[in-house]
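Written out below as structure tokens is the structure these notes cover.
The sequence lines fix the lettering, A, B, ..., with proteins before strands; numbering per chain opens at 1. Only heavy atoms go into these numbers, but all of them, side chains included; no hydrogens, no water, no symmetry mates.
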Number of protein chains: 2
Amino acid sequence: MSDLLERLRARGWRMTSQRRVVAEVLAGDHVHLTADEVHARAVTRLPEIARATVYNTLGELVALGEVVELSTDGRAKRYDPNAHHPHQHLVCSDCGIIRDVHPTGDPLAVLPPAERFGFTVSAADVTYRGLCPGCA
Amino acid sequence: MSDLLERLRARGWRMTSQRRVVAEVLAGDHVHLTADEVHARAVTRLPEIARATVYNTLGELVALGEVVELSTDGRAKRYDPNAHHPHQHLVCSDCGIIRDVHPTGDPLAVLPPAERFGFTVSAADVTYRGLCPGCA
DNA sequence: TCCTACGATGGACGTTGTCCAAGTCAAGAA
DNA sequence: TTCTTGACTTGGACAACGTCCATCGTAGGA
């Protein structure tokens with residue numbers, strides 16, 4: 001994750017302890033935390049960090065393309081640091097756990113021109129739903 | 001949409017003027033209203049209808065499988081009455097307009113067993129994103 | 001027509017997210 | 001090293017969306 005910090009510094013980001021802690025909290029695979037979860041974990045490392053700072057930093061990371069924002073359940077948005085490897089998501093309908101998955105083929109290829117209504121289609125977000133081994 | 005009312009009556013629903021108005025407001029294709037939009041339209045026909053009633057009724061329609069709940073933008077949930085014809089959604093990244101679309105093939109077929117992590121996968125929700133003719 | 005259980009009401013409350021004025025500090029300049 | 005400055009952080013108010021609950025009203029069967 002330190003390569004993330006270096007990319008950010010290279011883009012002219014002022015490096016603060018708050019931003020460093022948010023980036024550290026987001027490290028890892030299959031990480032899909034809500035903003036409040038990020039804040040809760042950040043507070044254990046930096047007790048004074050404000051909720052607004054976490055929201056600001058997450059928003060900036062999304063704008064820079066370093067983190068992907070998900071809304072799989074209509075509740076709080078979740079933040080996925082695995083932004084440099086295209087993938088989709090598999091969600092347990094019961095417990096809500098999320099896994100990154102990699103379908104085969106191009107998801108846009110199955111949408112015929114007649115079904116595009118003149119749109120310039122550029123991306124497809126897929127949420128697979130089912131029951132995880134623990135809930136089945 | 002009156003067939004919807006009859007299906008509901010057949011399931012033992014008590015038919016009230018409020019529920020009838022909510023069902024009427026949801027009639028049509030490519031309809032994807034938020035709960036507050038449904039309430040706003042319902043109020044023009046039945047001025048006393050309460051917001052909580054609209055939320056309750058929409059929740060019941062979703063539980064009965066008569067309406068599909070969408071959260072394409074992390075803001076308010078939207079309600080799609082076209083629940084008996086499987087489809088996906090195409091969203092304009094700029095103005096947010098939503099169209100129902102029908103991709104070819106089975107969306108679950110492209111997720112290999114090795115990418116299922118032991119889940120029992122039962123559905124795939126696809127959101128295609130792009131620019132509509134008006135915004136392009 | 002009368003009963004009564006189911007549904008509607010509306011206002012309080014909770015969660016998630018945004019905004020802003022004031023204070024703080026990272027990092028380049030001297 | 002110290003200074004300077006503008007970007008960053010803070011915390012609290014506010015807004016949007018949704019839920020809950022005690023009370024009242026009424027649909028539909030007896």
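Here the P atom of nucleotide D:dA16 and the CZ atom of B:R78 are 15 Å apart, to the nearest Å. Residue B:D36 contributes atom CG, which lies 12 Å from atom P of D:dT19 at whole-angstrom precision. Rounded to an integer number of Å, the gap from A:Y55 OH to D:dG11 C1' is 15 Å. Going from atom NE2 of B:H39 over to atom P of D:dG18 covers 13 Å, rounded to whole Å. To the nearest angstrom, C1' of D:dA7 lies 12 Å from CD of A:Q18. Separating the CG atom of B:N56 from the P atom of D:dC24 is a distance of 19 Å, rounded to the nearest angstrom.
With values rounded to the nearest 0.5 angstrom, A:R129 atom CZ is found 11.0 Å from A:C92 atom SG. Separating the CD atom in A:E6 from the CE atom in A:M15 is a distance of 9.5 Å, to the nearest 0.5 Å.
In the hydrophobic clustering of ILVMFWY residues, with side-chain heavy atoms under 4.5 Å counting as a link, A:V43 and A:L33 come out together. With hydrophobic clusters built from ILVMFWY side chains whose heavy atoms lie under 4.5 angstrom apart, A:L46 shares a cluster with A:L8.
Within 4.0 Å of A:A76, counting heavy atoms only, lie sugar-phosphate atoms of the nucleic acid but no base atom. Backbone-only engagement by A:R19 is indicated by non-hydrogen atom pairs under 4.0 Å involving sugar-phosphate atoms exclusively.
Partners of A:E66 according to the salt bridge (charged side-chain N to carboxylate O under 4.0 Å, His left out) rule, which considers only residues two or more places apart in sequence or in another chain, are A:R7, A:R11. Applying the side chain to side chain donor-acceptor pair (under 3.5 Å) criterion to B:R41, with sequence neighbours excluded, gives no partner residue. Partners of A:D100 by side chain to side chain donor-acceptor pair (under 3.5 Å), not counting sequence neighbours, listed by chain and number: A:H32, A:N82, A:H87, A:H89.
The nearest heavy atom of DNA chain D to B:Y79 and to A:E60 marks one nucleotide each, and the one closer to the 5' end goes with A:E60. Projected onto DNA chain C by closest heavy-atom contact, B:G74 and B:S17 fall at different nucleotides, the more 5' of which corresponds to B:S17. Nearest-nucleotide positions on DNA chain D for B:R75 and A:I49 put A:I49 closer to the 5' end.
Using a 4.5 Å heavy-atom threshold, the side chains of B:I49 and B:V22 count as touching.
Boundaries of the chain B contact region on DNA chain C are C:dA5 to C:dG10, first to last in 5' to 3' order (nucleotide atom under 4.0 Å from a heavy atom).
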Pairs under 3.5 angstrom, nitrogen or oxygen only, protein versus nucleotides 28-30 of chain D, please.
unit_1	atom_1	unit_2	atom_2	d
D:dG28	OP1	B:M15	N	3.0

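Other residues sharing the hydrophobic cluster of B:V121, ordered by chain and number and joined by side-chain separations under 4.5 Å: A:L90, A:I97, A:V101, A:L108, A:V110, A:L111, A:F117, A:F119, A:V121, A:V126, A:Y128, B:L90, B:I97, B:V101, B:L108, B:V110, B:L111, B:F117, B:F119, B:V126, B:Y128.
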